[in-house]
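Inspection log for the structure reproduced underneath, given as structure tokens.
Just so you know, ligand 1 is whichever comes first in the structure, and atom 1 is the first atom listed for that ligand. Along the sequence shown, residues are numbered consecutively beginning with 1.
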Amino acid sequence: MSEHSTTTASPTRTEAELRTLMARAVREVRETNPLAPSITNTVTQNFVANAQLAVGGSAAMVYLPDEGECVAALGGAVYINLGTLLPVYEQTVPATARACAAAGKPWVLDPVGIGIGSLRTQLIEAVRENPPAILRGNASEIIAVAELWGLAGNSSDDASGDGPRGVDSTDSVDAAERAAVACARFTGGAVAVSGATDLVTDGAQVARLSGGSPLMTCITGSGCSLGGVAAVYACVADPFVAALTAIAVYNLAGLRAAEACSGSGSFQVAFLDALYNLTAEEVAEAPLILTDASDTQAL
Ligand SMILES: Nc1ncnc2c1ncn2[C@@H]1O[C@H](COP(=O)(O)OP(=O)(O)O)[C@@H](O)[C@H]1O
Ligand SMILES: Cc1ncsc1CCOP(=O)(O)O
Ligand SMILES: [Mg+2]
């Protein structure tokens, strides 16, 4: 059990139960239009907001500490992405994480670009006190967070040792499995590792989800917007179900968009269309393999 109270460890569920909950999350978001405000990077802010709207959520991007505290109260869940930092984030990020914890609201962290400069490191260490309900990143980012939170143990043996290359991964998703399980056990929430095949864990179960398209790496913001969409689903579902739903939605939309486009530019537009048009039934049938996290070597 986690030492943190903002996220409650999810009970072990069968694959069929999880699929039913994923479909319910897709429907409930469309019916209730939940607000998932963001503190996110200036590169992909527009794409994050558009993806959140396409799945049926509502977006609001803020920068300042009192705005972060305000949206923690207003929204169903908050998204924090460290992609392009401003000096004010030294106050905004810890204040928003604290406000979410105080209000019992889930928040989603995308540690983009971890390792660049000192403020990102400082912020990841600071939010250890009020950790995210969902940690979402590529493999190198998740390995780096586990190291900064002192959870790495021998999980770093699996890593390339190179860390992220800017905002991109130098590690495989499988290499991040032990780090992901360790982070999920620490937060009591879920961790989603993205890549060709994505991995989602709540520390007890591990799901692998395939699909998507290599074209997702040819546009900026597929990872960032995935975090924003996970926050939308976290407004209506527990962290593990929310992360699974977002990843399944992205894999299906990526596949469909790749069939409809003629290159990376039209892929981005086709991807938003696919997000908008996906049905709950399709999401419930997304490729997903569920295993027990006890199969993951202990740290
Ligand atoms: N080679 C790939 N094939 C299919 N889908 C991919 C591939 N690489 C990344 N994706 C998808 O792109 C999205 C963003 O993942 P990723 O590129 O790892 O994140 P980031 O942009 O943060 O590095 C996820 O939905 C992931 O499943
Ligand atoms: C290119 C870039 N530089 C700082 S944030 C950012 C966007 C990264 O987006 P993603 O992680 O979704 O590829
Ligand atoms: Mg990223």
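- Between the side chains of Asp273 and Asn277, no donor N or O sits under 3.5 Å from an acceptor N or O.
- Comparing Gly83, Gly227, Ser169 by heavy-atom distance to atom 5 (S) of ligand 2, the nearest is Gly83.
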Under the side-chain contact (heavy atoms from CB on, under 4.5 Å) criterion, do Leu18 and Leu244 qualify, and how do the steps go?
CA-CA 9 Å; Leu18 289 169; Leu244 286 172; 4.1 Å; yes

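- Side-chain contact, Ser58 with Asn33: no donor N or O sits under 3.5 Å from an acceptor N or O.
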What's the verdict on side-chain contact (heavy atoms from CB on, under 4.5 Å) for Asp110 and Glu141, showing C-alpha distance, side-chain angles and the deciding distance?
CA-CA 9 Å; Asp110 186 334; Glu141 290 163 348; 3.9 Å; yes

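- Atoms of ligand 1 lying under 4.0 Å from any heavy atom of Leu226, numbered from 1 in the order shown and given with element: 24 (C), 25 (O).
- Protein heavy atom in closest approach to atom 23 (O) of ligand 1: Asn138 ND2, 3.0 Å.
- Atoms of ligand 1 found under 4.0 Å from any heavy atom of Gly212, numbered from 1 in the order shown, are 4 (C), 5 (N).
- Atom numbering of ligand 1 starts at 1 in the shown order; those under 4.0 Å from a heavy atom of Gly211 are 4 (C), 5 (N).
- Remark: ligand 2 atoms within the under-4.0 Å shell around heavy atoms of Val167 are 2 (C), 3 (N), 4 (C).
- Linking ILVMFWY side-chain heavy atoms closer than 4.5 Å, directly or via other members, places Val71 and Leu86 in a single hydrophobic cluster.
- Remark: ligand 1 atoms within the under-4.0 Å shell around heavy atoms of Asn251 are 27 (O).
- Against a heavy-atom cut-off of under 4.0 Å, Asn41 is close to the following atoms of ligand 2: 5 (S).
- The distance criterion of under 3.5 Å between nitrogen or oxygen atoms is met by Gly195 with respect to ligand 1.
- If you check which protein heavy atom lies closest to atom 16 (P) of ligand 1, you get Ser194 OG, 3.3 Å.
- Between Asp198 and ligand 1, at least one pair of N/O atoms sits closer than 3.5 Å.
- Scanning all protein heavy atoms for the shortest distance to atom 5 (N) of ligand 1 gives Ser213 N, 3.3 Å.
- Ligand 1 has at least one atom lying under 4.0 Å from a heavy atom of Ser222.
- Residue-ligand proximity, Gly223 to ligand 2, at heavy-atom distances under 4.0 Å covers atoms 12 (O).
- The atoms of ligand 2 that sit less than 4.0 Å from any heavy atom of Thr44 are 7 (C).
- Atoms of ligand 2 found under 4.0 Å from any heavy atom of Thr220, numbered from 1 in the order shown, are 1 (C), 7 (C), 8 (C), 9 (O).
- Closest protein heavy atom to atom 22 (O) of ligand 1: Arg136 NH2, 2.8 Å.
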Begin from the C-alpha positions of Gln52 and Ser38 and carry the test side-chain contact (heavy atoms from CB on, under 4.5 Å) through to its verdict.
CA-CA 10 Å; Gln52 291 180 311; Ser38 303; 3.8 Å; yes

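- Salt bridge status for Arg27 with Glu281: present, with a side-chain N to carboxylate O gap under 4.0 Å.
- Contact between Gly221 and ligand 1 is absent, with no heavy atom of the residue lying under 4.0 Å from the ligand.
- The neighbour count for Ile289 CD1, taken as heavy atoms of other residues, nucleotides or ligands under 6.0 Å away, does not exceed 12.
- The protein heavy-atom contact nearest to atom 8 (N) of ligand 1 is Thr217 CG2, 3.3 Å.
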Applying side-chain contact (heavy atoms from CB on, under 4.5 Å), run through Leu275 and Val249 and close with a yes or a no.
CA-CA 7 Å; Leu275 288 183; Val249 160; 3.5 Å; yes

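- Each of Thr96, Leu82, Val93, Val145 was evaluated against Val127; a single residue qualifies, Val93, per the side-chain contact (heavy atoms from CB on, under 4.5 Å) test.
- Summary of contacts: the protein heavy atom closest to atom 12 (O) of ligand 2 is Cys224 N, 2.8 Å.
- Residues that satisfy the side-chain hydrogen bond (donor to acceptor under 3.5 Å, both in side chains) test with Arg208, not counting sequence neighbours, are Asp174, Glu177.
- The minimum heavy-atom distance linking Pro37 with Ala77 is given by the pair CD-O, 3.2 Å.
- The closest approach between a heavy atom of Gly254 and any atom of ligand 1 is not below 4.0 Å.
- Atom 13 (O) of ligand 2 has Gly221 N, 3.6 Å as its closest protein atom, hydrogens excluded (heavy atom only).
- With hydrogens left out, the protein atom closest to atom 11 (C) of ligand 1 is Met216 SD, 3.6 Å, a heavy atom.
- When all heavy atoms are compared, the tightest approach of Cys224 to Asn81 is SG-ND2, 3.4 Å.
- Ring-plane geometry between Trp149 and Phe186 is classed as tilted, the angle between the planes lying from 30 to 60 degrees on a 0 to 90 degree scale.
- Protein heavy atom closest to atom 1 (N) of ligand 1, with residue, atom name and distance, is Ala196 CB, 3.7 Å.
- Listed by number with element, the atoms of ligand 1 under 4.0 angstrom from any heavy atom of Tyr250 are 25 (O).
- Assignment of Ser222 to the shell around ligand 2 is supported, since a heavy atom sits closer than 4.0 Å.
- Tracing side-chain contacts under 4.5 Å through hydrophobic residues (I, L, V, M, F, W, Y), one never reaches Val108 starting from Val112; they form parts of separate clusters.
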